[in-house]
Amino acid sequence: MSINHHLCISLLRDCKTLSHLKQIHAHASKTGLDADPLIAGKLLLLAAATLADALDYSRRLFSHFPSPDPFMYNTLIRGLSESDHPHHSLLTYNQMRLDSVPPDSFSFAFVLKAAANCRSLNIGWQLHTHVIHHGFESHLFVGTTLVSMYGECGCLDSARKAFDDIPQPNVVAWNAIVAACFRVDDVKGAQRLFERMPWKNLTSWNVMLAGYTKAGELWSARSLFLAMPNKDAVSWSTMITGFASNGLFNYALSFFRELLREGCRPNEVSLTGVLSACAQAGALESGKILHACIEKAGLSSIVSVGNALLDMYARCGSILMTSRVFNWEMEKKSIVSWTSMIAALAMHGYGKEALQLFHKMQEHGTRPDGITFISVLWILIL
DNA sequence: CTAGGGTTAG
């Protein structure tokens, strides 16, 4: 089968997995589309860079283009900035400058995100000078990314200055500076800004909810939630995960029930939140009901949902259901899945099986981290 | 063809 431009673009738009991407690439290379720097080749690169498990692949694709343009550098910088090694994004940015390709506003938006993910204030400051040097200091998008980068690095003063440098901040910029206050636990400052905001949208309210729950001020969050003009799935998820992570299981469960009563469809975030509440409360029966809902809604293939289910069964003492979920219901496993299963086996006295799984995990190419080793050590204690 | 703010498990 040979494919044309149009087909290639629509296939890439729906591409979700690495093997799917490889198939498309194979078909595209038969007609030379993969080397077409105008559309298909670039979109192939874009798909690879935004697919979580296809970064090496995207780098290989990138290296085949003799003279990459800003779009292609940006694509790789973006993919790497969201990876586990965001500093590789900075290396690509440096390569771009060495190749005398001038960075544009997109390049700065992506590379500043990488600095934020590295939590490196030094890199952030250095990039800020580059932004000024290239004349983007009053660019709305770049300015907003600077605000959130400084917030992420815990430097509220710089975030404030970057915000004041934006000539006409819109609601997104305002939301960014409010979120920056919460990130350094300046709840009072966030409240003052929230009241002074010229406009608010739903996200502004959700920023406040998330900030309050992170600061442990759940009653402020609750009264704001009740006073909000509109609520969406993020508002509900924020409240449920907020209550669950602060140990208020009954509130998490009753908010989830309320969500269902309002006719909202639970998403994967609210489900992981309420499952975590069941796990901590030992509510096996509620957990089983949720399990059935997840299967019916077709959400069981989402890794975070599967992991939350695993943890719920393990903490509720049902080792049989834990291994059933792990062995039969999870097609995709992350390091969290392997570690949860190992911990569950070890804590229920199945030391030999836990150790076997520890080896099997490495055979699957997943490298253990600190938490995995701690889980294995439970074998010695129990 | 790419971009900024809010929710996700061990």
Side-chain angles (χ1 to χ4, degrees), chain A residues 5 9 12-13 37-47 49-50 69-79 81 104-113 116 136 139-149 151 162-163 166 169-180 182 197 200-211 213-214 232-242 244-245 267-276 279 302-312 314-315 333-344 368-372 374-375:
Chain A
H5 267 260
I9 290 163
L12 286 168
R13 196 164 293 148
L38 279 176
I39 309 260
K42 290 185 176 185
L43 290 179
L44 199 61
L45 182 62
L46 186 63
T50 51
D69 63 7
F71 174 87
M72 311 192 70
Y73 280 105
N74 291 348
T75 306
L76 201 59
I77 292 171
R78 171 185 169 185
S81 75
D104 59 15
S105 61
F106 290 93
S107 321
F108 283 121
F110 295 138
V111 76
L112 285 168
K113 190 95 177 182
F136 287 107
H139 189 286
L140 182 57
F141 278 40
V142 176
T144 308
T145 317
L146 274 170
V147 171
S148 65
M149 181 275 293
F163 179 74
I166 300 175
N170 64 1
V171 65
V172 181
W174 276 94
N175 292 342
I177 188 66
V178 173
F182 276 123
M197 279 174 75
K200 297 181 180 74
N201 61 7
L202 188 50
T203 301
S204 320
W205 296 83
N206 287 341
V207 170
M208 293 303 288
L209 290 185
T213 59
K214 289 245 160 71
D232 68 356
V234 176
S235 327
W236 285 100
S237 313
T238 306
M239 292 308 292
I240 292 165
T241 55
S245 60
N267 64 7
E268 79 264 29
V269 184
S270 48
L271 279 167
T272 52
V274 74
L275 280 169
S276 144
I302 297 172
V303 182
S304 60
V305 173
N307 289 341
L309 259 179
L310 263 186
D311 188 49
M312 184 275 295
R315 289 194 198 218
K333 298 175 178 69
S334 72
I335 175 126
V336 180
S337 333
W338 290 99
T339 305
S340 302
M341 192 65 228
I342 290 167
D369 65 5
I371 304 175
T372 318
I374 290 172
S375 308

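Quick note on labels: first sequence line is chain A, next is B, and so on, each numbered from 1. Worth knowing before you read on, the calculation uses all heavy atoms, side chains too, and leaves out hydrogens, waters and symmetry mates.
Taking every side-chain heavy atom of A:A109 into account, B:dA3 is the closest of B:dA3, B:dC1, B:dT7.
Judged by atom type and distance alone, A:S105 reaches the base of B:dA3 through a side-chain donor-acceptor pair under 3.5 Å. Put simply, the side chain of A:N175 and the base of B:dG4 share no donor and acceptor less than 3.5 Å apart. Within 3.5 Å, no donor on the side chain of A:N170 pairs with an acceptor on the base of B:dG5, nor the reverse. With hydrogens and angles ignored, no donor-acceptor pair closer than 3.5 Å exists between the side chain of A:T238 and the base of B:dT7. Residue A:S340 places no side-chain atom within donor-acceptor reach of the base of B:dG10, judged by atom type and a 3.5 Å distance cut-off alone. Applying the 3.5 Å distance criterion, the base of B:dT8 shares a donor-acceptor pair with the side chain of A:S304. For A:N206 against B:dG5, no side-chain N or O and base N or O form a donor-acceptor pair under 3.5 Å.
A side-chain donor-acceptor contact under 3.5 Å links A:N170 to the backbone of A:A173.
Protein atom CD of A:E268 is 11 Å distant from nucleotide atom P of B:dT8, rounded to whole Å. One atom, CG of A:L112, and another, P of B:dA3, lie 15 Å apart when rounded to the nearest Å. If you take CZ of A:F182 and C1' of B:dT7, they are 14 Å apart, rounded to a whole angstrom.
Using a 4.0 Å cut-off, some side-chain N or O of A:K113 falls inside it from OP1 or OP2 of B:dG5. Phosphate proximity of B:dT7 to A:K214: present, with a side-chain N or O under 4.0 Å from OP1 or OP2.
Using a 4.5 Å cut-off on side-chain heavy atoms (C-beta onward), A:F182 and A:M208 make contact.
Contacts of A:T372 with the nucleic acid, taken as non-hydrogen atoms under 4.0 Å apart, include base atoms.
Evaluation of A:F141 against the base of B:dG4 yields a stacking contact (centre distance < 5.5 Å, interplanar angle < 30°).
The side chain to side chain donor-acceptor pair (under 3.5 Å) search around A:S270 returns A:N267, not counting sequence neighbours. A:S107 meets the side chain to side chain donor-acceptor pair (under 3.5 Å) test with A:N74, A:D104; sequence neighbours excluded.
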